[in-house]
Each structure stands twice: as C-alpha cells, then as structure tokens.
2 protein chains.
Amino acid sequence: METKAQALEIAKTQLQLRGYNGFSFQDIANELGIKKASLHYYFSSKEDLGLALIEDYAAAFQQWADKLAELSPYEKIEKYILMFYSFAQDNLKICPAGVFCVDFNALPVRMQKSITELQDTQRRWLEKALIRGIKDGDFKKSLKAKDTANLLIAACQGGLQLARFQDNCRVMKSTCQTLLDLLTDI
Amino acid sequence: METKAQALEIAKTQLQLRGYNGFSFQDIANELGIKKASLHYYFSSKEDLGLALIEDYAAAFQQWADKLAELSPYEKIEKYILMFYSFAQDNLKICPAGVFCVDFNALPVRMQKSITELQDTQRRWLEKALIRGIKDGDFKKSLKAKDTANLLIAACQGGLQLARFQDNCRVMKSTCQTLLDLLTDI
DNA sequence: TTTATTCTACCTACCAGTAGGTAGGTAATC
DNA sequence: GATTACCTACCTACTGGTAGGTAGAATAAA
C-alpha cells in the first residue's frame, strides 16, 4: 500500500509542476524504481490515477477546512491564501485545480465532473466564510459574497501563475495581500 | 502563405482550448486537410510553432495596446479586462500565457524565455497605466501600481479558468468587475 | 520565345521513441 | 491455497521528425 501512496505523491508533484499531459506512467515508475506495468496494478488507467489525484486533493481540502472551523471568517480567508502560497513556496507549484482547467477540454468526462465538483466545494466554503465575514464586519459591507469568492479564487490561481513566470513565490503573496487589503479597508 | 497563417490560427485555438501538450501536428494537419509532414515545411519543429504562437500573440497585444494610447488609464484597464473577456466568450478559451504557465516546466527554454517576456510586457503596460491612473485619481491613491498590476493579471487569468469550470463566461466579467470596483471606490 | 533552372507547396513512406495498456507469470505473505 | 505486489514481455496508437520525391508556377538564359 506504501507504493500506491508514493505513486500518488509523485503524480501530484508532476501534475503541479508539468501539467496533466506533461507526465506519464513511465515518469512515475522511473522515480519509484518499479516497472510502468506495475503501476497499472494500482491505477487501471491514467483516468483512474487522475480521479484519485482529484479525490485526494478534495479530501485534503476537506480535512484542512475542518481544522479551521473555529477561526474567524477573516482568518479563514487568510489561511486559504496561505494554503495556495505554500504551493508556490514548494518549487513554484501551482494548484491542481488550476492545472486541470487548462487541459479541461482534453480530459475524460468523469474527471471533468470530479474537478468541477472540487472547485464548487471550495467556492462554497469561501462563500460561506465571506457571508459571515461581511455580516460581522470583517470585510466591506458592500461586497457580494459570491463575486468575492470568485475573485479570491481567481487571484490565488492567477497569483500562482504569476509567481512562476516571475520565478518568485512572494509575488503570489503580495498579490493576494493587495486583494485582502481591498476587501477589508473601509 | 495562406496555409501557414491558417495553421497558426488552428494551433492558437487548440492551444487555448486544450493546452500545449493537448494538440499535435496531426490535429492541425487533419483540420487543414494536408499531411502532417507538410506542416514541417512551415514549422520545423513544435518548438518553432510554439514560438510563432507566442510571437503572434505578443504582436497582437502590441497592436491592441497602440490603438488604446489615447484612452484614459481607467478606460485602458477596462479594455484590458474586456480583451480577456472576449477569450471567454469564444468557447471559454483561456489566455495563451495562462496555458503556457501550466506546461511551463515541460517547455523548451527558448519558449520559456519568450513567454516570460510577453508576460513582462503586459505587466509593464498595466503598471504604466496604473501609475498614471493612481496619480490622476482614476484609482485609489493608496494602491501600489506594481501589486495592482499583478492583481489585475491574476484576476483576469484566474477569472478565465473560473469561467471554464462554471461553464459560463460571464463569471469572468463579474469577477473582474468586482475587482475594478474595489480599485476605484474611494 | 523557347528552354533550362529553381522555388513553392505539398506528397508518400518511413523513423525512433513514447503513450497508455494488457496478458500472463512469479515470489512472498497471509 | 489464496491474495498481494510486483515482474517480463508484449501490444496498438500516436508523437515529433526526416528522407526523398513531385506537379506546377516563377524566373533566368539561350
């Protein structure tokens, strides 16, 4: 079972560094030191691996969100940005969801559905936090939760891409901080 | 010469819909109704095609920017967002630069350089408009041009991705409008 | 004005390499 | 003896890319 988890971990890294069409079973096998065919023992197809990757990330997000339940809306948003920032810090990785977006039209339908769901979950979580945050005065009263949630996701995803182009992970942080300031300032 | 331009156009569409690793010479040849080998008459390698794609987009941006020289800073930013929105309107395409970001680490060095330059050009253009806009009072005085330029790019790029996931191009528009409001409101 | 040459815009046929994937086997563990 | 965790050995389909050829248009030389 160790091997499967390792394979998944390698795949996740490759995905975030090179995109879904940018890595192969062979790459993973090489890094693991086993044969490519053996990977099919764990993942019957690349679609299968892709789905596992998405589910994994979805589960990690859920777990992450659960830990933050007690925090204030503002702190939640801060942590959300920080989560993305930690991607950038790690070799300028980008978010899995962002990766899949680019390849979206070249993806199997089941993966498309799964990734869309994941994205929806994140948006709903953000929206919920923002609704409370706006009511509580953490954020500007004039904000609409839905649009703001989208803006936050966009800034985080886009921020990761900027960081990669500028070869500097702090760009992502300052970009999102700029937005955060705009959301709170009265 | 017509064929080369057509090939480039098809490649551009494929790139924006499926990513750089999501289309092949064969795809383009099929759509053109010529043989794959004949494409190598125009583009000696895929890297060559990729570079042409980037240069093409860079030239188009320059031309676009030149036409806007007389507009006010605020109008320029508005048009910038609208340019991205027109991508989304056209089959939920995303920005070429955003596409290349995901595949970045899997790209030939020359392409990496070229795409980074393009991104820099856009950022400088935005920054210049913002510096004037902030001084003129089009935008909040407290804004830093550099960070704001990055935030705008991030929101546009990210907004396109959101639009694709939500299968609705207007999401991109409302996301960026939300940001624009935040940048102007006093 | 004819002839010779060269260029354009493709073609067929092929290459090595890699993609995802499968069939069937083996050695160790429960 | 069944299950687990691999393996070897293969397959088909496709990738980017090359070698060599050709019909026809353009250009230059006789």
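Every chain is numbered from 1, with letters handed out A, B, ... down the list of sequences. Being a predicted model, the structure only gives us computed values, none of them experimental.
Relative to the ring axis of Tyr20(A), Lys46(A) places its NZ or CZ within 45° and under 6.0 Å from the centre. Under a cutoff of 6.0 Å and an axis angle of 45°, Lys4(A) and Tyr41(A) do not form a cation-pi pair. Remark: Lys79(A) fails to qualify as a cation-pi partner of Tyr74(A) under the 6.0 Å distance and 45° angle criteria applied to the six-membered ring. Both the sub-6.0 Å distance and the 45° axial angle are not jointly satisfied by Lys173(B) relative to the ring of Phe84(B).
Residues passing the ring pair (Phe, Tyr, Trp, His ring centres under 6.0 Å) test with Tyr85(B), sequence neighbours excluded: none.
Straight-line distance from the OH atom of Tyr41(A) to the C1' atom of dA27(C): 13 Å, rounded to whole Å. Per the geometry, CD belonging to Gln14(A) stands 12 Å off P belonging to dG20(C), to the nearest Å. The separation between Lys35(B) atom NZ and dG21(D) atom C1' is 16 Å, rounded to whole Å.
Helix bend of the helix from dT1(C)-dA30(D) to dC30(C)-dG1(D): the angle between its two end axes, each built from five pairs, comes to 10° after rounding to 10°.
Ring planes of Phe104(A) and Phe165(B): perpendicular class, angle over 60° (limits at 30 and 60°).
Between dA9(C) and Ser38(B), no contact under 4.0 Å exists linking OP1 or OP2 to a side-chain N or O.
When only modelled atom types and interatomic distance are considered, Gln89(B) and Ser86(B) share no side-chain donor-acceptor pair under 3.5 Å.
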Please tabulate the protein-to-nucleotide N/O contacts below 3.5 Å involving nucleotides 12-18 of chain D, giving atom names and distances.
{"unit_1": "dT15(D)", "atom_1": "OP1", "unit_2": "Ser24(B)", "atom_2": "OG", "d": "2.9"}
{"unit_1": "dG16(D)", "atom_1": "OP1", "unit_2": "Lys46(B)", "atom_2": "NZ", "d": "3.4"}
{"unit_1": "dG16(D)", "atom_1": "OP2", "unit_2": "Phe25(B)", "atom_2": "N", "d": "3.1"}
{"unit_1": "dG16(D)", "atom_1": "N7", "unit_2": "Lys36(B)", "atom_2": "NZ", "d": "2.9"}
{"unit_1": "dG16(D)", "atom_1": "O6", "unit_2": "Lys36(B)", "atom_2": "NZ", "d": "3.2"}
{"unit_1": "dG17(D)", "atom_1": "OP2", "unit_2": "Lys46(B)", "atom_2": "N", "d": "2.6"}
{"unit_1": "dG17(D)", "atom_1": "N7", "unit_2": "Lys36(B)", "atom_2": "NZ", "d": "3.4"}
{"unit_1": "dG17(D)", "atom_1": "O6", "unit_2": "Lys36(B)", "atom_2": "NZ", "d": "2.9"}

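A donor-acceptor distance shorter than 3.5 angstrom exists from the side chain of Gln112(B) to the backbone of Leu107(B), with no hydrogens or angles considered.
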